[in-house]
**Student:** 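Here it is, the structure, as structure tokens.
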Amino acid sequence: MTSQAAADLIARSNRLGSDPKNTNYAGGNTSAKGFETDPVTGEDVELMWVKGSGGDLGTLKESGLAVLRVDRLRALRNVYPGVDREDEMVAAFDHTLFGKGGAAPSIDTAMHGLVDANHVDHLHPDSGIAIATAADGEELTTKVYGDRVVWVPWRRPGFQLGLDIAAIKAENPDAIGCILGGHGITAWGDTSDEAEANSLWIIDTAAAYIADNGKADPFGPALDGFAALPEAERRAKAAALAPTIRGLASTDKAQVGSFTDADVVLDFLASAEHPRLAALGTSCPDHFLRTKVKPLVLDLPADASIEDSIARLKVLHEEYRADYAAYYDRNASPDSPAMRGADPAIVLIPGVGMFSYGANKQTARVAGEFYINAINVMRGAESLSTYAPIDEVEKFRIEYWALEEAKLQRLPKPKSHASRIALVTGAASGIGKAIATRLAAEGACVVIADLDLEKAQAAAAELGGTDVAIGVQANVTSEAEIQAGIDAALLAFGGLDLVVNNAGLSISKPLLETTEKDWDLQHDVMAKGSFLVSKAAARVLIDQEMGGDIIYISSKNSVFAGPNNIAYSATKADQAHQVRLLAAELGEYGVKVNGINPDGVVRGSGIFAGGWGAKRAAVYGVPEEELGAYYAQRTLLKREVLPENVANAVAVLTGADLTHTTGLHIPVDAGVAAAFLR
């Protein structure tokens, strides 16, 4: 049963965390103190519920709370070894837990437990961090808040910061909170409502002060030639640049991307001061842990050609990597964690927008959101003063903190297709939907392409939110629609790694009844469609320089001569040979091309439901509802083939175990001897 204190805390946290003006995703923490009965002694004991390590205030649940005994937590002051060894205190928190303790305590636990207040909020609002990162932040704090809010000079999160804030509250009875230099805000209250009101007052007062007193052009005058391109033009340019940028950002490790052309980004890049401010980097620890210390910024005007932009980006990327390595070397000590990679997490393209990168789409998207937070912080600080983030020594101490490294090491092992981006045609139903579902389950981001946009979007929604899958409309006989679908993949996820040519249809007729229209339709959708999809995808895969996979869902009929099936079987044979031809041509780029030959996939099949099943049943003289069983009995294994069986083959062919296999066709037919490959 949830205590009232914990219930009030969760409700307050969700309200504060759901509004981006209050804090960034997964940023900040909140706490509440109250009394519960100790089941061992039967006596009342004071407890603290506090957001544990990781998690997000906006979606916080009871399982995300750490529960500690306040008396034992405060007794840690007696054994605190000093700021040089304060990392040891995180492990000491485990000895103060109540019962099983809930979630793992975070580094900020001391800030909440040592402060003599029933309710404490620590947040990362843009307006508050603008004051915290201003060159004269201490003076501004007094101007903005009087004696109600106290300035705390920059200190890395930890036990000493908790002691500092506890002392400030004790020494300033009229204060309701602090501005933490370079970092954020902390507020407190006797009740949950009072703490929340105090937090919001600090945030809103800073925002109002900036609005009333700030400069009209904090980023300087407009920079000639750097204004935003028209929407269609900038998104087309973003899609054209995306493969190259993703490849560069994935030099050390494959990354998923996210793109935004939000006005806040475009306005920043159109202003004269953006090169200086971008070079200063972000300040709040949550920001630069996600965005790295600074972004890569293309230093060309908005109308620069694709070719010139790509050439310049490659040069800038090499410079960025060298600069980051030098930053690491300047600040690393013998016991520092190894450098995690020198590629940028944020890439800014004037007139176009921002690409952000991470291990998955959510991480990439949130990194971009954090850089928007950083832009807002820079705007506020420059409006009132000069933006002055913490110095690089402190940034390095946070980025390569042993506690942060331990948190990274605790992350679960990536799934087989993590960081991979797949596009599956004809994926709103049947085999395609099963493939999309399996790839998403293995960690891939998936683009479901289908003739029916509504069904494609519905299928994508079943896999999760837009961080997992999107649905696009694509008639594979249309080069323009295919390109639009691939562009959508590039803008949604930053690139493309894996394409499955699955879209198809079938008309079962004997030779003399097969019309030219029947023949053309099937060849247009499957032979021509696969060719067009593979051609458009290959351009992306080549530009990315990350290899990739192209899969053809061919058919047992590509090698088996069955009755009344001339057009379908001929086009499947065409697809089968495309596999061999493209494997030979694309191998030099690290692109593997393989095929799968299913047979008799009746259950869940859009083709069979569309009339093909009835016609094949008539050919074989069995009831349509028994067609799957009939197909099973004619196989060597006597097993019915399901869409999931085909999906399994796709997962294996594109996973880590068959990295040296290309030009292969895998039968998924439960054993049809007449279709054995020779």
**Student:** Output yes when E442 and R420 qualify as a salt bridge under the 4.0 Å nitrogen-oxygen rule, no when they do not.
**Tutor:** no

**Student:** Could you tell me whether a side-chain N or O of T41 sits under 3.5 Å from a main-chain N or O of E43, the two making a donor and an acceptor?
**Tutor:** yes

**Student:** Taking only residues two or more places apart in sequence, or in another chain, which ones meet S385 in a side chain to side chain donor-acceptor pair (under 3.5 Å)?
**Tutor:** D136

**Student:** Is it the case that the side chain of T466 and the backbone of I470 share a donor-acceptor pair, with hydrogens and angles ignored and the cut-off at 3.5 Å?
**Tutor:** no

**Student:** Step by step, would you call I421 with R246 a side-chain contact (heavy atoms from CB on, under 4.5 Å)?
**Tutor:** CA-CA 12 Å; I421 302 156; R246 187 205 179 200; 3.6 Å; yes

**Student:** What residues, two or more places apart in sequence or in another chain, satisfy side chain to side chain donor-acceptor pair (under 3.5 Å) together with S283?
**Tutor:** none

**Student:** Checking H119 now: which residues fulfil ring pair (Phe, Tyr, Trp, His ring centres under 6.0 Å) with it, not counting sequence neighbours?
**Tutor:** none

**Student:** Output a table of donor-acceptor pairs, distance under 3.5 Å, between side-chain atoms of residues 92-104 and any protein atom two or more places apart or on a different chain; print 'none' if there are none.
**Tutor:**
unit_1: T96; atom_1: OG1; unit_2: F93; atom_2: O; d: 2.8

**Student:** Which residues satisfy the side chain to side chain donor-acceptor pair (under 3.5 Å) test with D8, sequence neighbours excluded?
**Tutor:** Q4

**Student:** Under 3.5 Å, is there a donor-acceptor pair linking the side chains of E88 and Y80?
**Tutor:** no

**Student:** Taking R77 for the side chain and R74 for the main chain, is one N or O donor matched with an acceptor at less than 3.5 Å?
**Tutor:** yes

**Student:** How about R155: does its CZ atom have over 12 heavy atoms from other parts shown lying under 6.0 Å from it?
**Tutor:** yes

**Student:** For F355, give me all partners under ring pair (Phe, Tyr, Trp, His ring centres under 6.0 Å), at least two apart in sequence or on another chain.
**Tutor:** F259

**Student:** Tell me whether E382 contacts the main-chain N or O of Y387 through its side chain, where contact means a donor paired with an acceptor under 3.5 Å.
**Tutor:** yes

**Student:** Side-chain donor-acceptor pair under 3.5 Å between T654 and H417, yes or no?
**Tutor:** yes

**Student:** Tell me whether K33 is salt-bridged to E46, with the criterion being a basic N under 4.0 Å from an acidic carboxylate O.
**Tutor:** no

**Student:** So is K143 actually on top of Y209's ring, under 6.0 Å and inside 45° of the axis?
**Tutor:** no

**Student:** Checking D164 against Q160: is there a side-chain donor and acceptor pair closer than 3.5 Å?
**Tutor:** yes

**Student:** The test is side-chain contact (heavy atoms from CB on, under 4.5 Å); show your working for D147 and N172 and say whether it passes.
**Tutor:** CA-CA 8 Å; D147 61 359; N172 296 271; over 6 Å; no

**Student:** Do any N or O atoms from the side chain of S356 and from the backbone of A364 form a donor-acceptor pair under 3.5 angstrom?
**Tutor:** yes

**Student:** Using a strict 4.0 Å threshold on nitrogen-to-oxygen distance, state whether D343 and K292 make a salt bridge.
**Tutor:** no

**Student:** Going by salt bridge (charged side-chain N to carboxylate O under 4.0 Å, His left out), name the residues that satisfy it together with E394, two or more places apart in sequence or in a different chain.
**Tutor:** R397

**Student:** Do NZ/NE/NH1/NH2 and the carboxylate oxygens of K51 and D56 come within less than 4.0 Å?
**Tutor:** no

**Student:** side-chain contact (heavy atoms from CB on, under 4.5 Å), that's the test. Do E399 and V293 meet it? Break it down for me.
**Tutor:** CA-CA 9 Å; E399 185 177 1; V293 289; 3.8 Å; yes

**Student:** I'd like to know if the side chain of T109 reaches the main chain of P105, judged simply by a donor and an acceptor atom lying under 3.5 Å from each other, with no hydrogens or angles considered.
**Tutor:** no

**Student:** By side chain to side chain contact (heavy atoms under 4.5 Å, CB included), which residues pair with S63, not counting sequence neighbours?
**Tutor:** K61

**Student:** Indicate yes or no for a side-chain donor-acceptor contact from T30 to the backbone of S13 under 3.5 Å, with no hydrogens or angles considered.
**Tutor:** no

**Student:** For L463 and A436, work out which heavy atoms get closest and say how close.
**Tutor:** CD1-O, 3.9 Å

**Student:** Using the salt bridge (Lys or Arg N to Asp or Glu O under 4.0 Å) rule, collect all pairs that involve residues 114-127, keeping only residues at least two apart or in two chains.
**Tutor:** R12-D121

**Student:** Give the C-alpha distance, both sets of side-chain angles, the deciding distance and a yes or no for side-chain contact (heavy atoms from CB on, under 4.5 Å) between F370 and I372.
**Tutor:** CA-CA 5 Å; F370 274 59; I372 288 176; over 6 Å; no

**Student:** Check ring pair (Phe, Tyr, Trp, His ring centres under 6.0 Å) between Y328 and all other residues, then give those that pass, not counting sequence neighbours.
**Tutor:** F396, Y400

**Student:** Side chain to side chain contact (heavy atoms under 4.5 Å, CB included) with E462: which residues, sequence neighbours excluded?
**Tutor:** K433

**Student:** Is it the case that N24 and E369 place a side-chain donor and acceptor less than 3.5 Å from each other?
**Tutor:** no

**Student:** Among N376, L123, I203, L16, which residue satisfies the side chain to side chain contact (heavy atoms under 4.5 Å, CB included) criterion with K21?
**Tutor:** I203

**Student:** If we check side chain to side chain contact (heavy atoms under 4.5 Å, CB included) with H122, which of these qualifies: D108, V115, I185?
**Tutor:** D108

**Student:** Taking only residues two or more places apart in sequence or in another chain, which ones pass side chain to side chain donor-acceptor pair (under 3.5 Å) with D391?
**Tutor:** none

**Student:** Heavy-atom count around K294 NZ within 6.0 Å, excluding the residue itself: above 12?
**Tutor:** no

